[in-house]
Amino acid sequence: MPPDGPASWPATDSRKQWIVFYKADRLTLAGEGTIEGNGEEWWDLPCKPHRGPNGSTLRGPCDSPALIRFFSSNDVTVCGLRIENSPQFHLRFDDCERVRVDGLFVSSPASSPNTDGVHVENTKSVQILNSRIYNGDDCVSIGAGCSDVHVENITCGHGHGISIGSLGVHNTHACVSNVTVRNVRILDSDNGVRIKTWQGGAGAVSAVEFTGVQMQNVKNCIVIDQYYCLGHGCANQTSAVRVAGVAYRDIHGTYNPQAGAPIRLACSDAVACTDITMSGVELLPAGGDDGALLADPYCWNAYGVMETLTLPPVYCLLEGSPESLQDPLTSC
């Protein structure tokens, strides 16, 4: 376990990470026991807002350490670890290639801010398999510069689901491609499967497939949010990270009817989302009330097809392609 909270953290040590592997090629990290993050005191530092008890909003961490972080490492395997209560991200990979995470167990409270289970950034050829992640933020988060990411047989609980993004913050260029999420359970979470981008960015998200996803009492089951903003006052901008070629297949389960639309595709005014496919999607209100009205999906500037009739029906998807479309994905 690391030092117990910010007051005990050595002044000469970085507050951005605890255990760091740099250029550690062909490394396997495995073992029994528990890596205990002692994150409780970090979560209360005055910075980013986050969920508190009984629906309240608390403020969250500034510089808080990721528990385990890999930089510029290739052919890495992380297998069978149990990680709890990280001050920030539990397991993070930056600028790596050929990464395999298998049999990971993550446990942190739903109210713990920024405690992503597994985060990858500028990392290629990734497998995240056979794991259980219960935390307070994204179960798996896929950042800019990632490609060939495969997520399978994962259970996510009481967090923010599986996310691509956020991308394009501060007008940056971001590309993510060839992502497959398969045979995943998402339980009692704020989000299910989500793509989130800031206005003003550039680049593209392409070739993404979510298939065989089971959801239980999820607030926002299927989300594309190209207006992602923390707090208030984000100005409208004309450029955006383009989203193209996203398939949702065999997505089943229940949504929290108090949260509004279970399917929300909010795409940029200037850069439409294109080639969205819906097939075998069936999302019903939680609580077992067969007579409850289905909440209508929300779409804005989103183009695609329903290969089969979905529940609720996504009639708001636009057919064909927009009249003006920036040169698709050459910028990536």
Side-chain angles (χ1 to χ4, degrees), residues 1-2 18-19 28-40 43 50-51 66-70 76-93 99-120 123 126-143 146 149-164 179-194 209-223 250-256 286:
M1 62 178 67
W18 179 44
I19 300 174
T28 295
L29 179 61
E32 298 180 356
T34 298
I35 300 174
E36 168 56 56
N38 287 334
E40 290 85 352
W43 302 333
H50 63 282
R51 291 181 297 174
L67 213 58
I68 302 175
R69 194 171 188 180
F70 287 84
V76 171
T77 298
V78 177
C79 182
L81 294 187
R82 180 185 179 99
I83 312 175
E84 296 181 350
N85 301 318
S86 176
Q88 206 209 53
F89 294 177
H90 287 79
L91 180 60
R92 175 169 183 156
F93 298 88
V99 169
R100 180 183 177 93
V101 177
D102 199 340
L104 180 71
F105 180 74
V106 168
S107 177
S108 292
S111 59
S112 59
N114 289 90
T115 52
D116 293 33
V118 182
H119 177 77
V120 293
T123 294
V126 178
Q127 297 182 75
I128 303 171
L129 311 169
N130 309 316
S131 298
R132 293 177 293 155
I133 299 172
Y134 298 84
N135 62 327
D137 210 295
D138 294 331
C139 171
V140 174
S141 52
I142 300 167
C146 291
V149 179
H150 182 80
V151 180
E152 185 166 2
N153 194 25
I154 304 293
T155 297
C156 303
H158 67 224
H160 295 179
I162 294 177
S163 293
I164 297 174
V179 176
T180 302
V181 176
R182 180 174 295 146
N183 299 334
V184 167
R185 297 172 68 233
I186 301 176
L187 314 173
D188 302 312
S189 296
D190 279 1
N191 304 291
V193 291
R194 177 171 58 156
E209 182 172 357
F210 301 101
T211 182
V213 180
Q214 185 70 35
M215 302 195 193
Q216 177 180 305
N217 192 33
V218 172
K219 290 182 179 178
N220 307 289
C221 298
I222 295 175
V223 179
D250 298 321
I251 314 290
H252 297 270
T254 60
Y255 64 90
N256 186 332

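This one's a predicted model, so the numbers in the text were calculated from it and none came from an experiment. Side-chain atoms are counted along with the backbone in the values below, which use heavy atoms only and exclude waters and symmetry mates.
For the pair Asn217 (side chain) and Ala286 (backbone), a donor-acceptor distance under 3.5 Å is absent. For His158 (side chain) and Ser108 (main-chain N/O), a donor-acceptor pair under 3.5 Å exists by modelled atom type. No donor-acceptor pair under 3.5 Å is formed between the side chain of Asp190 and the backbone N or O of Gly161. Here the side chain of Ser112 pairs no donor or acceptor atom with the backbone of Ala110 at under 3.5 angstrom. In terms of modelled atom types and a separation under 3.5 Å, the side chain of Trp43 and the main chain of Ser86 share a donor-acceptor contact. A donor-acceptor pair under 3.5 Å is formed between the side chain of Thr115 and the backbone N or O of Gly136. Although no hydrogens or angles enter the test, the distance criterion places no donor-acceptor pair under 3.5 Å between the side chain of Asn114 and the main chain of Gln88.
Taking both residues in full, the closest heavy atoms of Ile154 and Cys139 are given as CG2-SG, 4.0 Å, listed atom of the first, atom of the second, then distance. Between Val149 and Cys146, the shortest heavy-atom contact is CG2-CB, 4.2 Å. Closest approach of Ser189 and Cys156 over heavy atoms only: OG-O, 4.2 Å. Minimum heavy-atom separation, Cys221 to Thr254: SG-O, 4.3 Å. The two residues Leu67 and Gly37 make their nearest non-hydrogen contact at CD1-CA, 3.7 Å.
We find the CG-CG distance between Asn191 and Asn220 to be 5.0 Å, quoted to the nearest 0.5 Å. Residue Met215 holds its CE atom at 5.5 Å from CD1 of Ile222, rounded to the nearest 0.5 Å. Atoms CD1 and CD1, from Ile142 and Ile128 in turn, are 6.5 Å apart once rounded to the nearest 0.5 Å. Of the inter-residue distances, the one linking Ile186 atom CD1 with Gln214 atom CD reads 10.0 Å to the nearest 0.5 angstrom. Atom OG1 of Thr155 is separated from atom CG of Leu187 by 6.5 Å, given to the nearest 0.5 angstrom. Note that the CG atom of Asp138 and the CG atom of Asp116 stand 4.5 Å from one another [nearest 0.5 Å].
No side-chain heavy atom of Trp18 sits less than 4.5 Å from a side-chain heavy atom of Asn38. In this structure, the side chains of Asp137 and Pro113 stay at 4.5 Å or more apart for every pair of heavy atoms. Two residues are said to be in side-chain contact when any heavy atoms from C-beta on lie closer than 4.5 Å; Val184 and Phe210 fail this criterion.
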request  = Under the side chain to side chain donor-acceptor pair (under 3.5 Å) rule, what do Thr180 and His150 come out as? Steps first, then yes or no, please.
outcome  = CA-CA 5 Å; Thr180 302; His150 182 80; 4.6 Å; no
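The environment of Arg82 atom CZ is dense: over 12 non-hydrogen atoms of other residues, nucleotides or ligands sit within 6.0 angstrom.
Between the side chains of Gln127 and Asp102, no donor N or O sits under 3.5 Å from an acceptor N or O. With hydrogens and angles left out, the side-chain atoms of Asn153 and Asn183 include no donor and acceptor closer than 3.5 Å.
Ring planes of Phe93 and Phe70: parallel class, angle under 30° (limits at 30 and 60°).
Checked against Val151 for a side chain to side chain contact (heavy atoms under 4.5 Å, CB included), the options Val101, Val181, Val179, Val193 give a single hit: Val181. Checked against Ser141 for a side-chain hydrogen bond (donor to acceptor under 3.5 Å, both in side chains), the options His160, His119, Arg194 give a single hit: His119.
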